[in-house]
Every structure is written in C-alpha cells, then in structure tokens.
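Structure first, commentary second.
Positions are given from 1 along the sequence.
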Amino acid sequence: MVSELSILHNARYTGYQVWNKQRSSEVLVDPGDVALGVHRVRRGNPERAWVWSRRPAHPAIVTTEDFDRAQTVPTIRGVSRTYVLRGLLRCGVCGRSMEGTWTNGRRNYRCRPRAGQRHRSVFVREDTVAGHLGALLIRAVAVSQGRGDVEGIDAPRGLAEQAALCRSLALMITYRPDIPALVSVVRGETIIVRV
C-alpha cells in the first residue's frame, strides 16, 4: 500500500510524466588506484531541472497545486530519541560500539554481528545499565584517584550526569552478556559490576 506521504512527494501522481529527476555518474572506487574501476552513483536533480510532459499522461491523484504545497512542508519521519549512553557501551563479544534501539517501549543497546561474525546479537536494556552504572563509577573514581577504598565517593544520581562523568573520565564500558556484567579498565585495573 502506498502511503500518502509518498504520493505527495512523487510528481508522477499529478498525472504528468516527469523526466530528469535523477542523474547518474561514474565515480572511481579508489582515486589512488584507478585499476579498481568505477561504480555508478545516482543523485537527485533540483526541481528546476525536471522535465514535465506538456499534457497529462494519466489521471491525476494529486493536483499540481497540492503537490507544490507539499514540497514546502517539512517531513516528519518519526520520533527522535536520545540514547544517553551512545558511544560509551561496547559489546563484550566483538568489541564494537553498541547502538541504541527502541524496543517494547524502552531504550536498549544492541550489537548485531556483521557478515562473517558468528556471535549472536547482544542486547541490554538502558534501565539495567543505569541501575548499576553508579556502582561502576564509584569504583572507577576510586581507582583513578589511587584510593583503595570507596568511602566518601559519590556518583551522580541521574543517568545523563553519570554518562557525562564517564565521558570526562574517558571511561569505556563493556557489556559482557556471558556473565552478565559491566566491565571497565581504569589505570590497568579491571572493574566488574554484575547486572
């Protein structure tokens, strides 16, 4: 089924035939090694370069006036979500950065294996990490200050403040699904907090 949005953005639905909407060009695969050849790249042409048929080619679904108005309205494609721990969590299986994803009404982080990798997808909920990040931060601050105890060290309570502290300490956090735990290395000392 064709969505209303795609109809309003496709000039063909005005009943007119439209040409020259895109152009293709050949681009070197590697400019440093011409022997690798070229690949085709398609790019959109500006509307002023489009060529319209003089008369309608088929019955219109959208008037040209509605089509023109629809082109000036910004498109909202979905809800923008913020993943506070973006760039801080690493996959404990392959070492790649975990990406934020929205599943079952919650923020989560996952690592999907690339082609050729044999591990299963790694998945952890943000609220699971948030519930244990404070403990990891307290231990990380103690180690970074060369202290043997954690007495008197406080971690921020909010997740955004905790993430900011992780960034200021240049702390990388690895999620190990096999244990499961959050793991970080500070000054050569491995800190493990089970989740």
Side-chain angles (χ1 to χ4, degrees), residues 1-7 9-10 22 24-33 36-44 74-141 143-144 155-195:
M1 183 171 206
V2 179
S3 74
E4 294 84 2
L5 187 62
S6 66
I7 291 173
H9 282 57
N10 188 339
Q22 292 182 338
S24 61
S25 57
E26 292 182 343
V27 178
L28 289 171
V29 173
D30 181 4
D33 188 358
L36 290 176
V38 296
H39 65 93
R40 287 193 162 277
V41 177
R42 287 186 177 219
R43 293 190 176 97
T75 304
I76 299 172
R77 296 237 178 240
V79 177
S80 176
R81 294 189 171 88
T82 303
Y83 296 93
V84 179
L85 301 174
R86 192 177 119 214
L88 293 175
L89 286 176
R90 299 260 174 219
C91 174
V93 178
C94 69
R96 290 178 49 218
S97 183
M98 296 181 78
E99 63 184 18
T101 180
W102 187 262
T103 309
N104 296 326
R106 297 173 190 252
R107 285 178 178 81
N108 303 281
Y109 296 87
R110 71 176 175 202
C111 176
R112 292 186 294 183
R114 289 185 176 163
Q117 289 181 327
R118 293 183 171 229
H119 73 81
R120 296 180 132 194
S121 293
V122 175
F123 183 86
V124 64
R125 289 179 18 185
E126 186 178 82
D127 57 354
T128 300
V129 175
H132 298 85
L133 188 56
L136 181 86
L137 281 170
I138 288 171
R139 292 178 59 196
V141 168
V143 171
S144 69
R157 298 220 184 264
L159 184 59
E161 292 81 15
Q162 290 176 346
L165 181 56
C166 287
R167 287 185 176 88
S168 71
L169 293 172
L171 198 62
M172 264 314 134
I173 303 161
T174 301
Y175 173 67
R176 293 268 312 270
D178 55 333
I179 301 177
L182 300 176
V183 180
S184 194
V185 178
V186 178
R187 288 186 161 185
E189 185 176 326
T190 302
I191 301 169
I192 299 173
V193 174
R194 292 188 182 266
V195 294

Arg110 side, atom CZ; Met98 side, atom CE - distance, nearest 0.5 Å: 10.0 Å
Any side-chain heavy-atom pair of Arg106 and Asn104 under 4.5 Å: no
Candidate pair Leu133 and Ile173, rule side-chain contact (heavy atoms from CB on, under 4.5 Å), full reasoning: CA-CA 9 Å; Leu133 188 56; Ile173 303 161; 3.5 Å; yes
Gap separating the OG1 atom of Thr174 from the CD1 atom of Ile192, nearest 0.5 angstrom: 10.5 Å
CZ (Arg167) with more than 12 external heavy atoms under 6.0 Å: yes
Atom pair CG (Leu171) and CD1 (Ile191), whose distance is rounded to the nearest 0.5 Å: 7.0 Å
Of Thr128, Val195, Val93, the residue whose pairing with Tyr175 passes side chain to side chain contact (heavy atoms under 4.5 Å, CB included): Val195
Exam field: side chain Tyr109 to backbone Leu89, donor-acceptor pair closer than 3.5 Å: no
Over 12 foreign heavy atoms within 6.0 Å of CZ, Arg96: yes
Charged N-O contact under 4.0 Å between Arg112 and Glu99: yes
Approximate separation, where rounding is to 0.5 Å, of Leu88 CG and Leu182 CG: 11.5 Å
Backbone N/O of Pro113 and side chain of Arg118: donor-acceptor pair under 3.5 Å: no
Rounded distance [0.5 Å steps], SG in Cys166 versus CG in Leu136: 7.0 Å
Distance in Å, Arg139 CZ paired with Thr190 OG1, rounded so as to fall on 0.5 Å steps: 10.0 Å
Flag side-chain contact, heavy atom, 4.5 Å: Arg120 against Pro177: no
Neighbour count >12 (heavy atoms, 6.0 Å) for atom CZ, Arg42: no
